[in-house]
Amino acid sequence: MASSSLHPPLLEWYAVSARSLPWRQANPDPWGVLVSEIMLQQTPVNRVLPAWETWMTRWPSPHDLAAEPTGEAVRMWGRLGYPRRALRLHAAAVACVEKFGGRVPTTYEDLRSLPGVGDYTAAAVLAFAYGRRSVVLDTNVRRALARLLDGKALAGPSVTKAERRRAEEVLPDDEATAALWSVALMELGALVCTATSPSCTACPVATMCTWLASGRPAHDGPIRAAQPFAGTDRQVRGLIMAVVRDAENPVAKASLDAVWPDPMQRERALDSLVVDGLVDPLPDGTYGLPTS
DNA sequence: GAAACGTGGCT
DNA sequence: TAGCCAAGTTT
């Protein structure tokens, strides 16, 4: 198959060009890999790096995190965004302890049973922590394959069956090579085949790229709807969380009221945070991080 | 399948 | 500068 000629140049490129990331070790720690993957969901590597170091120093195993209140996980999450991920990671640690002997599970099904672990993260842990052959389909891989094989500027909004099948087809048969291919393809998407300004002159597989060969045509499909933020409940939730998280002790309601002018929206945001378990309303009327 | 869910850097 | 974008998951 023609695509097999992609393998040598990409693997060679990865060997010399890959970033040295702390969760990528010769003998990777599965817990460290899981933590990194959850943190990296929609959050750039540069912001994850220091948070991951701090987190792993404090909680070097699932057992260590599981022994702490969820609020500590939320506090340590800092400004990574989407703080429900901190709760899910904590719950995943508890599940590792209670169901999997304190270890990160080693099968796709068991990984998927962990809170916060979807198809991508399960596949990534299998490949990067355990060296298994798995179809790792993140936004980087999807964009790179769309360009290389389909000649499309961008992948569609959701993973199609054809897309998954094609990713499976180009995945090397050998287990260890497949795992390496997956991380290499992801790295290519992150460093070279980027969304806005790809560096085709630096691309190890440029000569085999359908998109480049056809003159890098612009995206022709429907334009992805912009994700609003300013003025949304998400913004208000973020403002409230910042106050609660950065205070040493539970805060008065007035401190939370100060973050947003509209009382209706403010209450709605606070209520949703309480429902999510990110904020704990205390009997004395103050609000803190959950202590259990 | 669409919508909700944070944050900050870059162009 | 306003908008785009970043290793997705859940409901």
Side-chain angles (χ1 to χ4, degrees), chain A residues 18-19 21-24 28 32-52 74 77-89 91-92 111-129 134-145 153-160 167 179 182-191 193-198 219 222-246 259-260 265 268-269 271-273 275-279:
Chain A
R19 292 166 294 181
L21 302 174
W23 47 85
R24 282 185 192 158
V33 171
L34 177 62
V35 171
S36 77
E37 291 302 338
I38 301 283
M39 287 184 171
L40 286 163
Q41 291 168 0
Q42 302 288 282
T43 303
V45 169
N46 286 338
R47 253 194 300 150
V48 165
L49 237 20
W52 185 89
V74 173
W77 198 253
R79 307 191 66 79
L80 286 181
Y82 294 147
R84 289 186 297 187
R85 290 183 294 167
L87 294 179
R88 293 184 184 134
L89 185 49
L111 283 164
R112 283 300 306 269
S113 77
L114 299 177
V117 176
D119 172 71
Y120 161 74
T121 302
V125 170
L126 285 178
F128 308 152
S134 69
V135 179
V136 177
L137 270 183
D138 80 321
T139 187
N140 289 307
V141 170
R142 296 185 61 225
R143 183 178 56 247
L145 289 181
L154 293 172
S158 57
V159 178
T160 65
S182 292
V183 72
L185 192 54
M186 207 187 314
E187 192 79 338
L188 184 77
L191 298 182
C193 197
T194 56
T196 47
S197 54
H219 177 62
I223 296 175
R224 183 169 58 189
Q227 182 178 248
F229 178 68
T232 63
D233 286 6
R234 271 160 66 197
Q235 182 181 20
V236 183
R237 283 168 56 104
L239 293 170
I240 293 172
M241 283 309 300
V243 171
V244 175
R245 188 181 54 230
D246 297 340
V259 306
W260 197 253
Q265 188 172 22
R268 188 170 65 233
D271 285 348
S272 73
L273 289 171
V275 168
D276 286 347
L278 286 164
V279 170

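In what follows, chains are A, B, ... by sequence order, proteins preceding strands, each numbered from 1.
- Within the 4.5 Å cutoff, no side-chain heavy atoms of L185(A) are placed close to those of V136(A).
- Taking T121(A) as the reference, Q41(A) meet the side-chain hydrogen bond (donor to acceptor under 3.5 Å, both in side chains) condition, with sequence neighbours excluded.
- Looking at residues two or more places apart in sequence or on another chain, you find a salt bridge (charged side-chain N to carboxylate O under 4.0 Å, His left out) between R268(A) and D233(A).
- Taking atom C1' on both nucleotides, dA6(C) is separated from dG6(B) by 12 Å, rounded to a whole Å.
- Heavy atoms of A195(A) sit under 4.0 angstrom from primed sugar atoms or phosphate atoms, though from no base atom.
- With sequence neighbours left out, the side-chain hydrogen bond (donor to acceptor under 3.5 Å, both in side chains) criterion links D138(A) to N140(A).
- Here the side chain of Q42(A) pairs no donor or acceptor atom with the backbone of G81(A) at under 3.5 angstrom.
- Across all strands shown, R143(A) has heavy atoms under 4.0 Å from sugar-phosphate atoms exclusively, and none from any base.
- Under the salt bridge (charged side-chain N to carboxylate O under 4.0 Å, His left out) criterion, R85(A) pairs with no residue, sequence neighbours left out.
- By the side chain to side chain contact (heavy atoms under 4.5 Å, CB included) test, L137(A) is found to be paired with V135(A), V141(A), R142(A), V159(A), R164(A), A167(A), residues two or more places apart in sequence or in another chain being considered.
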For nucleotides 4-11 of chain B, just jot down a letter per nucleotide in 5' to 3' order: B, S or -, based on protein non-hydrogen atoms under 4.0 Å.
-> -BBBS---

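- Among residues two or more places apart in sequence or in another chain, the salt bridge (charged side-chain N to carboxylate O under 4.0 Å, His left out) test is passed with R112(A) by none.
- W52(A) meets the ring-ring contact (aromatic ring centres under 6.0 Å, His included) test with W23(A); sequence neighbours excluded.
- Contacts between residues 134-141 of chain A and DNA chain C, defined by a heavy-atom separation under 4.0 Å, are made by D138(A), T139(A), N140(A).
- For R84(A), the side-chain hydrogen bond (donor to acceptor under 3.5 Å, both in side chains) test picks out no residue, with sequence neighbours left out.
- With C1' as the reference atom, dC5(B) and dC5(C) are 16 Å apart, rounded to whole Å.
- In this structure, W23(A) reaches the bases: a heavy-atom distance under 4.0 Å links it to at least one base atom across the strands shown.
- The nearest heavy atom of DNA chain C to A190(A) and to R88(A) marks one nucleotide each, and the one closer to the 5' end goes with A190(A).
- Reading DNA chain C from its 5' end, the first and the last nucleotide to sit under 4.0 Å from a heavy atom of chain A are dC4(C) to dT10(C).
- Taking S113(A) as the reference, nothing meets the side-chain hydrogen bond (donor to acceptor under 3.5 Å, both in side chains) condition, with sequence neighbours excluded.
- In terms of position on DNA chain C, the residue among A226(A) and M186(A) whose nearest nucleotide sits closer to the 5' end is A226(A).
- When the C1' atom is compared between dG1(B) and dT9(C), the two are found 14 Å apart, to the nearest whole Å.
- Residue N46(A) is out of contact with every strand shown, counting any heavy-atom pair closer than 4.0 Å.
- With both ends at atom C1', the span from dT11(C) to dT7(B) equals 23 Å, rounded to whole Å.
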